[in-house]
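Take a look at the structure set out below.
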Protein chains: 2
Amino acid sequence: MQETTGTPPLDAETKVTERPGDHESELRFWLRLLTCATLIEGEIRRRLRHEFEVTLPRFDLMAQLDKSPGGMTLGELSQRMMVSNGNVTGLTERLVALGLLDRRQSPSDRRAQLVSLTPEGRRAFRAMARAHEGWIAEFFADLTPADIEALMRLLAKTKASARRAIAAETPR
Amino acid sequence: MQETTGTPPLDAETKVTERPGDHESELRFWLRLLTCATLIEGEIRRRLRHEFEVTLPRFDLMAQLDKSPGGMTLGELSQRMMVSNGNVTGLTERLVALGLLDRRQSPSDRRAQLVSLTPEGRRAFRAMARAHEGWIAEFFADLTPADIEALMRLLAKTKASARRAIAAETPR
DNA sequence: GGGATTCATTTTAAGGTTCAAATTTATAGG
DNA sequence: CCTATAAATTTGAACCTTAAAATGAATCCC
């Protein structure tokens, strides 16, 4: 269950003789990154459900709106949440039905809709956000400020690298 | 707010005076970690679909089986994939229907089923895995070996911290 | 103005995901 | 044995998610 990298005598320091097609360290890095994200995301999902009876996607959507008091269009939402348009349509419908979201036509563009939190939605979100912030602090309690600083820098580099690779493959 | 059975009474100098809202750096770290994972996962999903006509969850399941030639039980699979039992049941059904998976009763436990890749499934997975490894290398091409080493170490620490926090909350 | 194009959104079909309840089998105690 | 408990899996309901096609509106360009 516990993967202990005990430095096998195989590749101790022979990076020069790298065979083509050996990207084992990158692969292991990716799996570790994914495991961290999945582990934490699952626990956040569980706690949101049990303590607030809300799903994680709904919380995420409300979090975007909370940062944007003037409201956002559905397209903006889907872009920031990194999910599909149809996804946001459905989530929005359910949250409007619950009275947590307001939805109105954009005055300048009749194709677009502006969505924003209702007062009740904002109140509900703020309570959840407070708890959420505490959970995150718990999860990362063993990391020093220097650890977090280093991770922020390295993940920024990681993100930039991935974005470049993806943009190169998919030129829009 | 949270009632935990067996908590010792609060004493006068616990962190009651800690300012709420100063967990901003942890929160930003979490969002950045999640963004990296979501970005890369989405692109992998897209490429698997376009180049191999397979979904990411199916690829993930086959990847687990590829590492375990003797086969695995559904429970083992769900634990390693960090998804629910019912989820694995459905995924397995579809992959068996496609002829990529074999499913047989465990000889020692009639409750359990052993699942493994068929020869065709293994062949298909290997081709996908080769491409997948190349994609990952692309995504992380701008990271130096030292970057990856540092990230591996820091993410191991992150994972351990989160696991500790989650185990503390959910002794089960 | 009018046709082509692009853009914001919705719709539809298929699949993925969770949770909780139900089912079936194993194991432990008496 | 027999009952209680635990374990492995399945089922059902609700929801999330995507991709692709469709709809309706803005914009561009002559």
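In what follows, chains are A, B, ... by sequence order, proteins preceding strands, each numbered from 1.
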> What is the minimum heavy-atom distance between B:Ala37 and A:Trp30, and which atoms define it?
Replying inline: O-CH2, 3.6 Å
Check nucleotides 6-9 of chain D for protein N or O atoms closer than 3.5 Å to its own N or O atoms and list the pairs.
from, atom 1, to, atom 2, distance (Å)
D:dA7, O4', B:Arg111, NH1, 3.4
D:dA7, N3, B:Arg111, NH1, 3.0
D:dT9, OP1, B:Leu74, N, 3.2
D:dT9, OP1, B:Gln113, N, 3.0
D:dT9, OP1, B:Gln113, O, 3.4
D:dT9, OP2, B:Gly75, N, 2.4

> For A:Gln79 and C:dT9, what is the distance between atoms CD and C1' respectively, to the nearest whole Å?
Replying inline: 15 Å
> Between D:dT17 atom P and A:Leu77 atom CG, what is the distance in whole Å?
Replying inline: 13 Å
>> Just the rounded figure in Å: distance from P of D:dC16 to CG of A:Asp60.
In response: 11 Å
> Atom CG of B:Asn87 to atom P of C:dA20: distance rounded to whole Å?
Replying inline: 16 Å
> Just how far, in rounded Å, is P of D:dC16 from CG of A:Leu61?
Replying inline: 10 Å
> Are the side chain of B:Ser78 and the backbone N or O of B:Gly75 linked by a donor-acceptor pair below 3.5 Å?
Replying inline: yes
> Could you give all pairs that pass the side-chain hydrogen bond (donor to acceptor under 3.5 Å, both in side chains) test and reach residues 140-160 of chain A, with sequence neighbours left out?
Replying inline: A:Asp142-B:Arg164, A:Thr144-A:Asp147, A:Asp147-B:Lys157, A:Lys157-B:Asp147
> C:dT12 P sits how many Å from A:Glu93 CD, rounded?
Replying inline: 11 Å
> What is the distance, rounded to the nearest whole Å, between atom CG of B:Leu56 and atom C1' of C:dG15?
Replying inline: 13 Å
>> Could you tell me if the side chain of A:Phe59 sits less than 4.5 Å from the side chain of A:Phe125, heavy atoms only?
In response: yes
> Think B:Arg45 has a side-chain N or O under 4.0 angstrom from the OP1 or OP2 of D:dT18?
Replying inline: no
>> Take a 6.0 Å sphere around CD of A:Gln79 and say whether it holds more than 12 heavy atoms from other residues, nucleotides or ligands.
In response: no
> Which residues satisfy the side chain to side chain donor-acceptor pair (under 3.5 Å) test with B:Ser106, sequence neighbours excluded?
Replying inline: B:Ser108
> For residues 117-126 of chain B, which residue pairs qualify under side-chain hydrogen bond (donor to acceptor under 3.5 Å, both in side chains), counting only residues two or more places apart or in two chains?
Replying inline: B:Asp66-B:Arg122, B:Asp66-B:Arg126
Heteroatom pairs (N/O) under 3.5 angstrom, protein to nucleotides 12-15 of chain D:
none

> Tell me: CZ of A:Arg46 to C1' of C:dA20, nearest whole Å?
Replying inline: 15 Å
> Can you list every pair that meets salt bridge (charged side-chain N to carboxylate O under 4.0 Å, His left out) and has a residue in residues 80-89 of chain B, with sequence neighbours left out?
Replying inline: B:Glu76-B:Arg80
> Should A:Arg47 and A:Glu138 count as an ion pair when the cut-off is N to O under 4.0 Å?
Replying inline: yes
> Side-chain N or O of A:Arg49 less than 4.0 angstrom from OP1 or OP2 on C:dT18?
Replying inline: no
